Amino acid sequence: MTGLLRSYDQVLGINERNALIDAVNPRAAIRLVDDKVGTKQLLEDAGVAVPPTLLHVTRPADARGLDDDELPDAWACKPNRGLGGNGILLAAGRGDQGGWHSGSGRPVPLDSVRDHVRRTVDGEFSNHDHDTAFFEPLVRAHPDHARIAHEGLPDVRVLCRAGEPVLAMTRLPTAASAGKANLHQGAIGAAVDLSSGEVTAARTERGPVEVHPDTGERIVGARLPHWSTVVEIAAGCGPATGLVYVGADIVIDAERGPLVLEVNARPGLEIQNVHRRGLRPAFADLLPG
Amino acid sequence: MERQLPAVLATALALLAVAVAGAVVAFLPVEDVGRRAGDQVGEREVVRITAADGTAVEALGAVDTGSSASSIGREVATELGLDLEAAETVEVTTSAGPVERPVVDVVVTIAGDPRPVAVTVAERGQDQEPVLLGRDLLDGVTVAVGQERLTTPDVDAAPSALATFLSARSAAVTPASLLALLPLAAVLIVLLRSVVGVPTLGTFAPILLTVSFLQVGLLPSLALTGLVIAIGLVVEPVLRRTQLPRVARLAVLIAVTSAVLQSVEQVAGLVGAVDSWGAAFPLIVAAALVEKLYEEWELEGLPSAAMATLRTLGVAVVALPILVAPPVRFLATKVPIAFAVACGLWAWLAGTYRGLRLTELLRFGPTSTAATSGGAR
């Protein structure tokens, strides 16, 4: 019995994680990374690669005045303080009758873009009364990364202690996750070895997998491209923002290479199951009490 | 990194303590809690009426100290099998003038005390209690103003938590004692979140649901909550398609829910099923719950949203018997301020718990197995 109980000693639980965040992540830094546009600026100044901000809409009036020629052929529109990937609108190319079309070919007319931006600015997708919307060039995953995913955009989460990477995993969308890279929605979490960029294990919430359930492509053993750059820019996020318990969300763009999409001040704990390794030892000396 | 207690053991101990405390509070024998001040009854009490042939009926009686004699409704008399045609009559003065009423000899048992008495048989409306307890039954009894159901016919003590829990009618919680009970409900939420790890839709929404359960009774409340959620699930998608901002959507949802609830109340009022649903039910909570439910649905899918809703209702139901347990009601009534302070301290203590939540043992099972098989040794 004691042995069984002891086997949880390395696991970091939510209560302890919350206490850790309170103890080591400065409030100002947490507020800062809630502002994605501001965070990107800060990272860029620190020499960390991020996707450029094409357009930043801060007022409802600007949403109405939005025009075709202000945007490129393919872009992503995001709420600045969005939660959990909610409220993201994507355009993959120009439409036949003006406007754009989505990745699946569905039309994205200018009017619906204006409407989406206005609702974003009204705070529909964030826990605030008011928000802003920003446009980025659409990220297209590097073929070596896209190969082991299905639809959607795969990303890499690197959990760091300040400037030091601790664990890395890649999140691969599945048909079950509807193209989203969220583990609790059915995406695959795959453990990535920090030194080599090789996938060592993979699982969904249901249990371990070796191949992608939708494509049959082998995941375990795959190597992620540009890995040393991924680790390097991940390590830059903590020092640039002042966060100590920090998660860097990175995409590997086919043309631009690894880019930090956002910095997370409250990264989740599922990475422990993906690696079958507890986070507690890495942060034990920082835990209060 | 040696620790004195493994996180899991601490979790198990904490949980055991909570379970034991909960069980003690919920199922403690009724005994004499709250009944030390001698014969005390509330403004409404359940009494037993026994006819000469031994037929007995239990019914809710309203205390009326302004009335010298007691009376029972015609339906109660019929249930007792009394022959009203052959009964003596007496002329009673009412606001509508003098009327002839049958008089019958019965035994009324109130708070464990059987009293032979002659009662008149009167027409009592649907929304009136079937029995009127006059001064001839209240000799030597103190009436606790603003409280009710402090006794059962057999025992001079409050009904058990389970009985109150399952009763369809109001569980006798006055606004004052409700105020005193809220801190305990909040402590329960803290324990469920930090120690057990049950995520709900909205932090304190379950408590407010519990409060509505207290007002209306469990089964009608659940039906009512289901109804509000059903209304919401019909109205919310329509509202989402409009250009309305969230706050306006919420307001429209509240208005629609209010209109439907009042309609239900009127219908229910006709059959006399439940009193004051609309006023008792925390409408804004229910509407906000629907918003959250719908958000969860959009973000995480229907199964996840349905589970979260069930957990929220589950927490509200679990909290209910603990809040109406006689010892808890006793403390909340007799020493409300000290009780609130104690609850604050408990919440503080519970908030310092840093170990694994119980549900995390399941969630991090894969990680722990690795720890044992991968072996530190």
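Letters A, B, ... are given to chains in the order of the sequence lines, protein chains preceding strands, and every chain is numbered from 1. What you see is a predicted model, and the numbers here were worked out from it, not measured in a lab.
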K.L.:
How about A:Glu124 and B:Arg249: do any of their side-chain heavy atoms sit closer than 4.5 Å?
P.N.:
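A:Glu124 vs B:Arg249: side chains touch.
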K.L.:
Take atom CG of B:Leu362 as the centre, draw a 6.0 Å sphere, and report whether it contains more than 12 heavy atoms from other residues, nucleotides or ligands.
P.N.:
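For B:Leu362, atom CG is not crowded (no more than 12 foreign heavy atoms under 6.0 Å).
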K.L.:
Can you name the closest pair of heavy atoms from A:Leu12 and B:Phe364 and give their distance?
P.N.:
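Smallest heavy-atom distance, with atoms named: O-CE1, 4.0 Å.
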K.L.:
Which atoms form the tightest heavy-atom contact between B:Glu360 and A:Ile14, and what is the distance?
P.N.:
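Answer, listing the atom of B:Glu360 first, then A:Ile14: OE2-N, 2.7 Å.
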K.L.:
For B:Leu345, look at atom CG and say whether over 12 heavy atoms of other residues, nucleotides or ligands are found less than 6.0 Å away.
P.N.:
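Buried by this count: over 12 neighbours within 6.0 Å.
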K.L.:
Side chain, backbone, both or neither: which part of A:Asn273 has an atom under 4.5 Å from a heavy atom of chain B?
P.N.:
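Both backbone and side chain.
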K.L.:
Using every non-hydrogen atom in the two residues, find where A:Leu269 and B:Arg363 come nearest and quote the distance to one decimal.
P.N.:
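Between these two residues, the closest heavy atoms are C-NH2, 3.7 Å.
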K.L.:
So for A:Leu287, is it side chain, backbone, both, or neither that comes closer than 4.5 Å to the heavy atoms of chain B?
P.N.:
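Interface part for A:Leu287: neither.
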K.L.:
Please report the interatomic distance OG1(B:Thr367) to CZ(A:Arg280), rounded to the nearest 0.5 Å.
P.N.:
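One finds 14.0 Å between OG1 of B:Thr367 and CZ of A:Arg280.
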K.L.:
Going by atom type alone, with no hydrogens or angles, which donor-acceptor pairs under 3.5 Å involve a side-chain atom of residues 187-198 of chain B and a protein atom two or more places apart or on another chain?
P.N.:
unit_1: B:Arg193; atom_1: NH1; unit_2: B:Thr200; atom_2: OG1; d: 3.3
unit_1: B:Ser194; atom_1: OG; unit_2: B:Val190; atom_2: O; d: 3.4

K.L.:
Please flag which part of A:Arg17 lies under 4.5 Å from any non-hydrogen atom of chain B: side chain, backbone, both or neither.
P.N.:
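The answer is neither part of A:Arg17.
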K.L.:
Look at atom CZ of A:Arg218 and say whether more than 12 heavy atoms of other residues, nucleotides or ligands are closer to it than 6.0 Å.
P.N.:
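More than 12 heavy atoms, drawn from other residues, nucleotides or ligands, come within 6.0 Å of this atom.
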K.L.:
Where is the tightest heavy-atom contact between B:Pro366 and A:Arg276, given as atom of each residue plus distance?
P.N.:
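Nearest heavy atoms, B:Pro366 then A:Arg276: O-NE, 3.5 Å.
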K.L.:
Can you say whether A:Glu205 sits under 4.5 Å from chain B via the side chain, the backbone, both, or neither, judging by heavy atoms?
P.N.:
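Neither part; nothing is under 4.5 Å.
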K.L.:
Show the nearest heavy-atom pair for residues A:Tyr8 and B:Leu361, with the distance to one decimal.
P.N.:
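So the minimum-distance heavy-atom pair works out to OH-O, 2.5 Å.
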K.L.:
Tell me, for A:Asn182 versus chain B, whether the close heavy atoms (under 4.5 Å) come from the side chain, the backbone, both or neither.
P.N.:
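For A:Asn182, neither part sits under 4.5 Å from chain B.
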